[in-house]
J.: 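Just passing along the structure, written as structure tokens.
Values in this document were obtained by computation on a predicted structure and should not be read as measured data. We count residues from 1, following the sequence as given.
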Amino acid sequence: MPDLNLYAVVILVALLADYCVERTADVLNLRALCREPPAGLGDLYEQKDYRRSQAYTRARTRLGIVSSTTGLLVLLGFWFLGGFDALDLWLRQLDPAAALGPMGESGPLARMEPVEEWGPVGRGVLYLGALGLGWSLLSLPFSAYSTFVIEERFEFNRTTFRTFLLDLVKGLALGIAVGGPLLAAILWLFSRLDRSAWLVCWIVAAGYTLLVQWVAPRWLMPLFNEFEPLEEGELRDIVTDYVRSEGYDLEQLSVMDASRRSTKANAFFVGFGRTKRLTLFDTIVEKLEKDEVLAVVAHEMGHYKRGHIVRRIGLALAHQGAVLFLLSVFLEQPGLYDAFYMTHRPIYAGLLFFGLLMTPLERLLALGVNALHRRWELEADRYAVETTGDPESLVSGLKKLAADHLANLTPHRLQVLLRHSHPPLRARLEHLESLTGPRPHGS
């Protein structure tokens, strides 16, 4: 095995450091579990349910540790045993027309290739698809254990084995149908264009992202769940009246059969233009009072009215552009391919290796994005209070949802910084109290 070059050292240190930070957060989070609920939240759980919430946190954390450790060990083993190069060479053997020299697939030389049976684009889709499939198979036992052992033990799971398998097949087919063409387009553009490749790829990827946002509510989401109009009655009337009073042109008010898979409750706005849809989980309709459902809808409306949805898409598109620009720089670096012991320098492998190189930067970006999302959640809470004039329904709804999800009431700060896109319940309730004044103790 060749010595590690600078790229290999940076990537290895980044992967190990990221793993250590994540596991430190797990350990600190488990140590932060308290025997008694924090002040002001004693009414959220009965004692036995509070113990169940802590047991649930421990079970999910331990599974996450085992899963991530396994994934890291497999990645490092595959890397240092030359798996990335072996897979590339094997695919080339299956493509007899791919008789290029070892340095002929990155940069301007790529445009001088003869017509091949597969070519770099077809081979790249197969290469990354094979690695993606392998990673999915590695994750499958952990996903099954999570669903049929942990979620079952804590009475969340309603997913049948048949539904579980169908979801896997549909997800794989959707990944191929939606992700395959975009990946092929990016590979083709980077192999045919010069310095402008990243910009053209960004335009294509951005358009594709927006198209999926428009298509998903109408054609993609119904592949996994059934959406039925909310039945006539008081709940539909108060939600519809509120949405209209906020000037939101709602295309459809739906109930999703979330209870087929889980007892957990939620609601969300999705789509734009003629595909705009407000969706309530059937579980939230069952578990919350009508005013509490309205408070949750008002919170989601706050995300829309405060521009969070548009800004979230804008951040994603800006991130795409920055990543593609940096990718265009590093695809031309021989050391990146040498770090993974590659005989050739195919663009498709460069995409993957660049993703690993970006680990530290992506972690820092995730910290900032999570912090921004937590702030947006508080803004949406404020909007709900201002527009409904009923803070108590939002408070009681948040408490019920937290209890229903067996939420950890005392997450460690590092855990929140790394992984939470929502503030902890106590922080949200304190924020609401600052808006409306203190509530009676225990309320």
Side-chain angles (χ1 to χ4, degrees), residues 1-16 71-138 176 179-180 182-195 197-198 201 323-324 326-359:
M1 183 176 71
D3 294 334
L4 298 179
N5 66 11
L6 179 60
Y7 283 98
V9 171
V10 169
I11 293 171
L12 180 60
V13 170
L15 291 174
L16 294 177
L72 179 62
L73 291 176
V74 170
L75 172 59
L76 295 180
F78 193 77
W79 175 3
F80 292 116
L81 291 175
F84 292 106
D85 186 48
L87 177 59
D88 183 48
L89 294 176
W90 179 69
L91 287 174
R92 290 170 185 275
Q93 290 177 352
L94 298 180
D95 183 10
L100 295 176
M103 304 301 176
E105 288 192 51
S106 181
L109 289 178
R111 295 186 295 278
M112 299 171 60
E113 296 171 0
V115 176
E116 305 177 47
E117 291 184 10
W118 295 350
V121 173
R123 198 162 56 248
V125 171
L126 290 174
Y127 183 85
L128 295 174
L131 290 174
L133 178 60
W135 191 259
S136 297
L137 292 175
L138 178 66
I176 294 172
L182 179 59
L183 174 60
I186 290 175
L187 292 174
W188 187 85
L189 289 169
F190 268 111
S191 69
R192 292 295 183 267
L193 301 179
D194 290 311
R195 297 183 182 274
W198 75 270
C201 284
V323 167
L324 287 168
L326 292 174
L327 174 65
S328 69
V329 174
F330 284 96
L331 279 180
E332 300 290 342
Q333 304 303 313
L336 182 61
Y337 301 89
D338 295 341
F340 291 87
Y341 319 125
M342 298 294 291
T343 303
H344 302 264
R345 294 174 188 164
I347 290 173
Y348 47 82
L351 292 176
L352 177 62
F353 304 153
F354 171 74
L356 295 174
L357 181 65
M358 286 283 289
T359 299

J.: In Å, rounded to the nearest 0.5 Å, how long is the span from OG of Ser191 to CD1 of Ile186?
T.: 12.0 Å

J.: Can you check ring-ring contact (aromatic ring centres under 6.0 Å, His included) on Tyr7 and Phe353, steps first, answer last?
T.: CA-CA 10 Å; Tyr7 283 98; Phe353 304 153; over 10 Å; no

J.: Is Phe340 close to Leu352 at the side-chain level, that is, under 4.5 Å between some pair of heavy atoms?
T.: no

J.: Tell me, do Pro346 and Arg92 make a side-chain contact under 4.5 Å, heavy atoms counted?
T.: yes

J.: Say you draw a straight line from CG of Leu187 to CD1 of Ile347; how long is it, rounded to the nearest 0.5 Å?
T.: 7.0 Å

J.: May I ask you to test the Tyr127-Asp88 pair for a side-chain heavy-atom distance under 4.5 Å?
T.: yes

J.: Between Leu126 and Leu94, is there a side-chain heavy-atom distance shorter than 4.5 Å?
T.: no

J.: State which residues pass side-chain contact (heavy atoms from CB on, under 4.5 Å) with Ala14; sequence neighbours excluded, sorted by chain then number.
T.: Thr359, Pro360

J.: Considering only heavy atoms from C-beta outward, does the side chain of Arg345 approach that of Leu331 to under 4.5 Å?
T.: no

J.: Quick check against the 3.5 Å criterion: does Tyr341 have a side-chain atom that pairs as donor or acceptor with the backbone of Trp79?
T.: no

J.: What residues, two or more places apart in sequence or in another chain, satisfy side-chain contact (heavy atoms from CB on, under 4.5 Å) together with Ala130?
T.: Leu87

J.: Which distance, rounded to the nearest 0.5 Å, do you find between the CG of Leu89 and the OG1 of Thr343?
T.: 4.5 Å

J.: Check side-chain contact (heavy atoms from CB on, under 4.5 Å) between Leu326 and all other residues, then give those that pass, not counting sequence neighbours.
T.: Phe354, Met358, Leu361

J.: When rounded to the nearest 0.5 angstrom, what distance separates CG in Leu357 from CG in Leu15?
T.: 10.0 Å

J.: Between atom CG of Asp194 and atom OG of Ser328, what is the distance when rounded to the nearest 0.5 Å?
T.: 11.5 Å

J.: For the CZ atom of Phe190 and the CG atom of Leu351, what is their distance to the nearest 0.5 Å?
T.: 7.0 Å

J.: Using only atom types and a distance under 3.5 Å, with no angle test, would you say the side chain of Tyr348 pairs donor to acceptor with the backbone of Gly122?
T.: no

J.: How close do Leu336 and Gly350 get, heavy atom to heavy atom, and via which atoms?
T.: CD2-O, 4.2 Å

